[in-house]
Amino acid sequence: MSLLPTTSIANLAGYVGQTVTLAGWVYHKTEKGKLIFIQLRDGSGVIQCVIFKKQVAETTFATAQALTQESSCRITGAVRADARAPGGFELDVETVELVGASLDYPITPKEHGIEFLMEHRQLWVRSARQHALLRVRAEVVAAAQEWLNDQGFVRFDTPLLTATAAEGTSNLFATTYFDLGTAYLAQTGQLYVEAGMMSFGKVYCFGPTFRAEKSKTRRHLTEFWMIEPEVAFATHEDNLQLQEQFVSAIVQRVLERRSAELKTLERDPTMLERCVPPFPRISYDDALALIAAKQGVIEGATPLTWGDDLGAPHEQLIAAQFERPVFVERYPAALKAFYMQPDPQRPAVALCADLLAPEGYGEIIGGSQRIHDLALLEQRLHDHGLQTAAYQWYLDLRRYGTVPHSGFGMGIERVVAWITGTHHIRETIPFPRMLYRIYP
RNA sequence: UCCCCGAUAGCUCAACGGUAGAGCGGCUGACUGUUAAUCAGUAGGUUCGUGGUUCGAAUCCACGUCGGGGAGCCA
């Protein structure tokens, strides 16, 4: 015999007048003497179950009375359309079967502080808001992969344990690797995905990446998920077009399929509906001019001289000028990773771009055209103080049929934070890893 | 690594040098339409730790622990 429910709550519209068995958890219960209301959730939705004392067996009423918040149970009853019910349907209960009791559930319907909630993340994910948020995350992940697959991309997975730093910049998590010395947790799959690109033309990797930076802001996690497409023969211009189509497709799919969740999150879809190509672009040079003209508007967005990197307040100021994501392109090459292609017309700048989300959610994509010339790439490795010996496999990609190519990396959590209007990135992943949090 | 802030009942907070409190939650009872129900009653404390100042410390000081916000860095 199976314990599975006969239907899920999301599908109850097709069962009006029929008796079904639901299986789930008590989200909320209200007793009014001889009448009990149970909000039952099963992951697909929530339905109000109604129990009148005179209409059920005494044991059934007693079982229902004893149910506490988050007790799991199986409830059998008749589906009835009812305008008074939040979801439009109610269940007239016939029998209730307790599956697992829940005593003193810590997360009550009242307010809680973030520290308490993070300590109970394993339970917090059941709450309506977190449930909606993680549902959108799953949609973003599915949309991203399916869109790329439809465009002819092949998923090409890259290693998480690597022998050297990919870009030689960020701090890495280190671990021992048998007799081979130190291994590092990958901060990007990009170099490896370039090898896949030379095999498949269009590829992407998708998985967790690790940054041992002591970043302590609402935009940072030490472990986050990144999707990194890479395209052979694609120029900087092709790269930007791919990015704006990609991001727009993801946003539009969430609007189409997860409007109920956005409503739960009280996210106004207006800004998201504007997210269609082309996205505005601003060069690093023009960004500096804009920052100089708008000084004092945002605290910390002080004027910069050419060659300075943009800080978080500067990015915030730039993003605030637009109602769609905005590309900031052609940064000074010296600020960027060794593999970024210098502009042939102006080698001081790189053919790269960051995509800044609106409403202060920061950088959601970083991308560039890559250096395809062997001699130039060797020179750049040397300029960055990197050991070319460790990169011979990577240089092989330039020795055997090299082509111009471009790619980018998109941080899933930042995209989800932006789409859902979530203040802090930590809520956009089931179990966030942060500077001062690795439990649960 | 640097700057700022916090820790009091299960939770959210108040008390700011003089007897440790409220709301919610829990428990008991009433209630046939509740949505964070309502009403009545009831239990519940090593004020993060260590040391110091003081007649007296939740309160002031130092150090520590844990956590929150931000910078830098990045997606």
Side-chain angles (χ1 to χ4, degrees), chain A residues 27-39 46-56 61 68-69 82-87 90 92 103-120 127-128 166-167 169-172 187-190 206 208-228 243 247 299-302 308-316 325 335-337 353-357 361-367 408-418 423-426 428-429 434-437 439:
Chain A
Y27 196 66
H28 187 69
K29 188 186 76 171
T30 303
E31 281 191 69
K32 278 187 59 70
K34 298 182 173 95
L35 171 67
I36 301 173
F37 296 105
I38 292 170
Q39 307 286 337
V46 179
I47 186 171
Q48 175 156 283
C49 305
V50 187
I51 305 159
F52 284 113
K53 189 169 187 176
K54 285 185 177 173
Q55 292 171 9
V56 297
F61 195 80
T68 52
Q69 188 186 2
D82 192 313
R84 292 171 294 185
E90 283 190 343
D92 285 326
L103 288 175
D104 300 323
Y105 188 71
I107 302 178
T108 64
K110 302 291 179 178
E111 290 173 22
H112 297 285
I114 189 63
E115 184 179 354
F116 178 82
L117 291 170
M118 288 307 309
E119 282 296 316
H120 297 85
S127 300
E167 305 183 15
T169 53
S170 302
N171 296 321
L172 303 172
Q187 56 180 335
T188 171
Q190 192 218 305
F206 177 53
T209 53
F210 307 88
R211 303 282 164 91
E213 303 284 352
K214 293 199 168 178
S215 300
K216 191 167 159 40
T217 82
R218 63 191 178 90
R219 301 181 307 280
H220 288 87
L221 297 170
T222 52
E223 176 182 312
F224 67 96
W225 287 63
M226 188 157 65
I227 191 160
E228 297 176 90
Q243 289 172 44
V247 170
E299 193 182 349
T302 51
D308 291 341
D309 207 353
L310 305 183
H314 303 108
E315 292 186 350
Q316 199 185 327
L335 293 176
K336 293 294 180 177
D354 288 345
L355 184 64
L356 308 181
Y361 287 96
E363 183 182 342
I364 52 174
I365 285 181
F408 62 92
M410 185 180 83
I412 293 296
E413 290 79 13
R414 285 191 183 173
V415 170
V416 174
W418 162 51
H423 180 71
H424 200 299
I425 196 172
R426 66 187 157 211
T428 64
I429 186 169
M434 295 175 292
L435 186 51
Y436 292 119
R437 181 161 298 283
Y439 176 93

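Sequence lines set the chain letters: A, B, ... in the order given, protein chains first and strands last, and positions in each chain run from 1.
- Minimum atom distance to the side chain of A/A312 is reached by B/rG72, of the listed B/rG72, B/rU34, B/rA75.
- Comparing B/rG6 with B/rG64, their C1' atoms are spaced 16 Å from each other, to the whole Å.
- Among the protein residues, A/H120 comes within range of no part of the nucleic acid, since none of its heavy atoms lies under 4.0 Å from any strand.
- Taking a cutoff of 4.0 Å between a charged side-chain nitrogen and a carboxylate oxygen, A/K336 and A/D354 qualify as a salt bridge.
- Look at A/R426 and you'll find a side-chain N or O under 4.0 angstrom from OP1 or OP2 of B/rG69.
- The nucleotide whose nearest atom lies closest to any side-chain atom of A/F37 is, among B/rG33, B/rG69, B/rA75, B/rG33.
- Within the 4.5 Å cutoff, the side chain of A/I364 has heavy atoms near those of the A/W418 side chain.
- With rounding to whole Å, A/L435 atom CG is found 12 Å from B/rG68 atom C1'.
- Look at A/R219 and you'll find a side-chain N or O under 4.0 angstrom from OP1 or OP2 of B/rA71.
- Residue A/M226 is classed as a sugar-phosphate contact, given heavy-atom separations below 4.0 Å to backbone atoms only.
- Distances shorter than 4.0 Å separate none of the side-chain N or O atoms of A/K216 from OP1 or OP2 on B/rG70.
- Distance noted for atom C1' between B/rU65 and B/rC48: 8 Å (whole Å).
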Original post:
What's the verdict on side-chain contact (heavy atoms from CB on, under 4.5 Å) for A/W225 and A/E413, showing C-alpha distance, side-chain angles and the deciding distance?
Top reply: CA-CA 7 Å; A/W225 287 63; A/E413 290 79 13; 3.5 Å; yes
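- Contacts of A/E115 classified as salt bridge (Lys or Arg N to Asp or Glu O under 4.0 Å), with partners at least two apart in sequence or in another chain: none.
- Comparing B/rA7 with B/rU47, their C1' atoms sit 10 Å apart, to the nearest whole Å.
- For A/K53, the NZ atom sits in a loose shell: 12 or fewer heavy atoms of surrounding residues, nucleotides or ligands are nearer than 6.0 Å.
- Nucleic acid contact class of A/Y436 (heavy atoms, under 4.0 Å, all strands): sugar-phosphate only.
- Side-chain to base pairing of A/T217 with B/rG69: no donor and acceptor N or O lie closer than 3.5 Å to each other.
- Looking at residues two or more places apart in sequence or on another chain, you find no ring-ring contact (aromatic ring centres under 6.0 Å, His included) involving A/Y105.
- Using a 4.5 Å heavy-atom threshold, the side chains of A/E31 and A/F37 count as separate.
- Side-chain proximity of A/L221 to B/rG69, B/rU35, B/rA75: nearest is B/rA75.
- Contact annotation for A/K54: base contact, defined as any heavy-atom pair under 4.0 Å involving a base atom.
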Considering only nitrogen or oxygen atoms on both sides, find all protein atoms under 3.5 Å from nucleotides 9-13 of chain B and state each distance.
from, atom 1, to, atom 2, distance (Å)
B/rC11, O2', A/E111, O, 2.9
B/rC11, O2', A/H112, ND1, 2.8
B/rU12, OP1, A/G113, N, 2.7

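- Counting heavy atoms from C-beta on, the side chains of A/F61 and A/I36 come closer than 4.5 Å.
- Per the geometry, NZ belonging to A/K32 stands 12 Å off P belonging to B/rC39, to the nearest Å.
- Across all strands, A/D354 comes closer than 4.0 Å to no nucleic acid atom at all (heavy-atom distances).
- Between the side chain of A/R414 and the base of B/rC74, at least one donor-acceptor pair of N or O atoms lies under 3.5 Å.
- Put simply, the side chain of A/E31 and the base of B/rU34 share no donor and acceptor less than 3.5 Å apart.
- Take A/R219 and apply the side-chain hydrogen bond (donor to acceptor under 3.5 Å, both in side chains) test, not counting sequence neighbours, and it matches no residue.
- Nearest-nucleotide mapping onto RNA chain B: of A/I425 and A/T68, the residue sitting toward the 5' end is A/T68.
- When heavy atoms are screened at a 4.0 angstrom cut-off, A/G311 is found touching the sugar-phosphate backbone but no base atom.
- Nearest approach of A/L221 to A/R426, heavy atoms of both residues: CD2-CA, 4.2 Å.
- At the phosphate of B/rC73, neither OP1 nor OP2 sits under 4.0 Å from any side-chain N or O atom of A/R211.
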Original post:
How would RNA chain B look in dot-bracket form, 5' to 3', counting Watson-Crick and G-U wobble pairs with both distances under 3.5 Å and writing | for bases paired to another strand?
Top reply: (((((((..((((....[..)))).(((((.......))))).....(((((..]....))))))))))))....
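- Listed by chain and number, the residues in a side chain to side chain contact (heavy atoms under 4.5 Å, CB included) with A/F52 are A/L35, A/V50, A/Q55 (sequence neighbours excluded).
- Two residues, A/Y105 and A/M118, neighbour RNA chain B, and the one matched to the more 5' nucleotide by heavy-atom proximity is A/Y105.
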